[in-house]
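Below, each value reflects all heavy atoms present in this structure, side chains not excepted, and no hydrogens, waters or symmetry copies.
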Amino acid sequence: MKKGLVSIITPTYNCGNYIADTIKSVLAQSYDNWEMVIVDDCSTDNTQEVVASFPDKRIKYHRLKKNSGAAVARTEAMRLADGEYMAFLDSDDLWTPNKLERQIEFMNNNNYAFTCTAYEQIDDKGKPLDRIIKTIKKTSYNRLLLDCPVGNSTVMYNVAKMGKFEVPNIRKRNDDALWLKMLKREKYIWGMPDVLMKYRIRPGSISVNKFNLIKYHWNLYRNVEHLSVPRSLFHIGFWCFLKISRLK
């Protein structure tokens with residue numbers, strides 16, 4: 001483990017149209033002690049060629065032997081990481097130039113091991129959608145079960161304090177499953193109010209249609225977290241209520 005180094009965890013699959021901008025947002029960081037660990041889940045597009053067009057030695061590309069899903073790719077990137085900190089960045093999202101610097105400062109000043117930030121949404125072309133997703137001051141295990149206020153590409157944690165983790169191998173909501181797993185070791189995810197990430201909304205994404213996610217939430221609650229049927233139904237009902245109320 002290298003002190004002060006931030007390992008950026010980036011699983012990817014067929015993101016050749018977006019990953020160049022993602023990498024550029026990392027190269028633009030004011031904090032330059034980082035490595036970007038990109039694990040390709042057997043892309044069939046030009047992702048590998050795009051990554052290879054960036055000669056920076058801090059960018060480390062690995063390709064899985066077979067298509068295995070985002071959870072496996074993310075776990076492999078975490079296994080390969082050498083940093084004191086881990087930060088998560090999906091291969092179509094973007095960071096603001098001071099993201100790492102500001103978040104490390106926030107963690108060190110407050111002695112926080114596990115943090116996230118606010119973020120904004122952009123469209124497929126990178127244009128702002130004029131929607132800011134705020135974070136909350138602190139998120140516990142039980143709070144995260146109700147509704148996830150954590151943007152995946154905003155999360156950073158201290159590996160020296162919390163160790164490494166294996167991502168639960170489920171198709172969707174594996175990021176939420178990882179945060180829940182980590183919250184069994186650390187009491188809170190601490191939220192930073194600054195908008196430091198841009199989350200891309202892509203056509204055809206399962207996450208665009210929120211109600212398609214109900215079956216994935218059921219899988220998370222029952223098969224990963226092993227909640228009772230009544231408690232799982234309660235959390236799904238509460239989640240649906242929140243989504244409906246936000247449409248009004």
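- In terms of modelled atom types and a separation under 3.5 Å, the side chain of Ser232 and the main chain of Trp218 share no donor-acceptor contact.
- Looking only at distances, a side-chain donor or acceptor of Thr75 sits under 3.5 Å from a matching main-chain atom of Val167.
- The pair Lys65-Glu76 does not meet the salt-bridge criterion, since no charged nitrogen lies less than 4.0 angstrom from a carboxylate oxygen.
- With rounding to the nearest 0.5 Å, the separation of OH in Tyr85 from NZ in Lys161 is 7.5 Å.
- To the nearest 0.5 angstrom, Lys198 atom NZ is 13.5 Å from Lys127 atom NZ.
- No more than 12 heavy atoms of other residues, nucleotides or ligands shown are found within 6.0 angstrom of NZ on Lys66.
- Annotation: the span from Leu180 atom CG to Asn142 atom CG amounts to 9.5 Å, rounded to 0.5 Å.
- You'll find the side chain of Ile8 reaches within 4.5 Å of the side chain of Trp95, heavy atoms only.
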Any chance you could lay out the side chain to side chain contact (heavy atoms under 4.5 Å, CB included) test for Lys99 and Gln29, step after step, and finish with the verdict? CA-CA 7 Å; Lys99 196 267 187 188; Gln29 290 299 301; 3.7 Å; yes
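- Hydrophobic clustering (ILVMFWY, side-chain heavy atoms < 4.5 Å, transitive): Ile59 and Tyr18 are in distinct clusters.
- Looking only at side-chain heavy atoms (C-beta outward), Met1 and Asp82 stay at 4.5 Å or farther from each other.
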What do the steps show when you test Thr96 against Val195 for side chain to side chain contact (heavy atoms under 4.5 Å, CB included), and what is the final call? CA-CA 8 Å; Thr96 61; Val195 177; 5.7 Å; no
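- Pairing each heavy atom of Asn14 with each of Thr44, the nearest pair is OD1-N, 2.6 Å.
- Met182 and Ile170 end up in the same hydrophobic cluster when Ile, Leu, Val, Met, Phe, Trp and Tyr side chains are linked at under 4.5 Å.
- Closest approach of Thr117 and Thr154 over heavy atoms only: N-OG1, 3.2 Å.
- Grouping the Ile, Leu, Val, Met, Phe, Trp and Tyr side chains by contacts below 4.5 angstrom, directly or via other members, places Met86 apart from Val39.
- The closest side-chain heavy-atom distance from Phe114 to Val155 is below 4.5 Å.
- No donor-acceptor contact under 3.5 angstrom links the side chains of Glu105 and Tyr31, judged on distance only.
- From Asp40, atom CG reaches atom OG1 of Thr47 across 5.5 Å, with rounding to the nearest 0.5 Å.
- When every heavy atom of Met107 is checked against every heavy atom of Asn158, the shortest pair comes out as CE-N, 3.9 Å.
- A heavy-atom distance below 4.5 Å is found between the side chains of Leu89 and Met36.
- Taking CD from Gln48 and CD1 from Ile38, the interatomic distance works out to 11.0 Å, rounded to the nearest 0.5 Å.
- Between Asp123 and Lys125 there is no salt bridge, since no side-chain nitrogen of the basic residue lies less than 4.0 Å from a carboxylate oxygen of the acidic one.
- Taking CZ of Arg200 as the reference point, atom OG1 of Thr22 lies at 6.5 Å (rounded to 0.5 Å).
- Here the side chains of Trp179 and Ile189 are in contact, with some heavy-atom distance below 4.5 Å.
- Taking the six-membered ring where the residue is Trp, Tyr157 and Phe88 present parallel rings, their angle staying beneath 30° rather than reaching 60°.
- Counting heavy atoms from C-beta outward, Arg63 and Cys42 have side chains that approach closer than 4.5 Å.
- No donor-acceptor distance shorter than 3.5 angstrom exists from the side chain of Asp194 to the backbone of Leu196, with no hydrogens or angles considered.
- A cation-pi contact, defined as under 6.0 Å to the ring centre and within 45° of the axis, links Lys138 to Tyr188.
- Residue Met78 is grouped with residue Val159 when hydrophobic side chains (ILVMFWY) are merged at heavy-atom distances under 4.5 angstrom, including chains of intermediate members.
- In this structure, Leu64 and Asp41 approach most closely via the heavy-atom pair CD1-OD1, 3.3 Å.
- Each of Glu84, Glu35, Lys2 was evaluated against Ser7; a single residue qualifies, Glu35, per the side-chain hydrogen bond (donor to acceptor under 3.5 Å, both in side chains) test.
- Linking Ile, Leu, Val, Met, Phe, Trp and Tyr whenever their side-chain heavy atoms come within less than 4.5 Å puts Tyr119 and Val6 in one cluster.
- Checked for salt-bridge contact, Asp90 and Arg74 meet the test: a charged N lies under 4.0 Å from a carboxylate O.
- With hydrogens and angles ignored, the 3.5 Å screen pairs a side-chain donor or acceptor of Asp45 with a backbone N or O of Gly16.
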Run Leu94 and Lys24 through side chain to side chain contact (heavy atoms under 4.5 Å, CB included) and show every step you take. CA-CA 9 Å; Leu94 308 172; Lys24 288 175 184 176; over 6 Å; no
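- Looking at every heavy atom in both residues, Asn174 comes nearest to Pro168 through CB-O, 3.5 Å.
- Arg131 has its side chain within reach of Gln121: a pair of non-hydrogen atoms, C-beta onward, lies under 4.5 Å apart.
- Remark: Lys164 NZ is packed, more than 12 non-hydrogen atoms of other residues, nucleotides or ligands lying under 6.0 Å away.
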Could you check Phe54 against Leu27 for side chain to side chain contact (heavy atoms under 4.5 Å, CB included), going step by step and ending with a plain yes or no? CA-CA 10 Å; Phe54 293 90; Leu27 291 170; 3.7 Å; yes
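- Taking both residues in full, the closest heavy atoms of Thr135 and Cys116 are given as OG1-SG, 3.4 Å, listed atom of the first, atom of the second, then distance.
- Residues Leu145 and Arg231 have side chains in contact (heavy-atom distance under 4.5 Å, counting atoms from C-beta outward).
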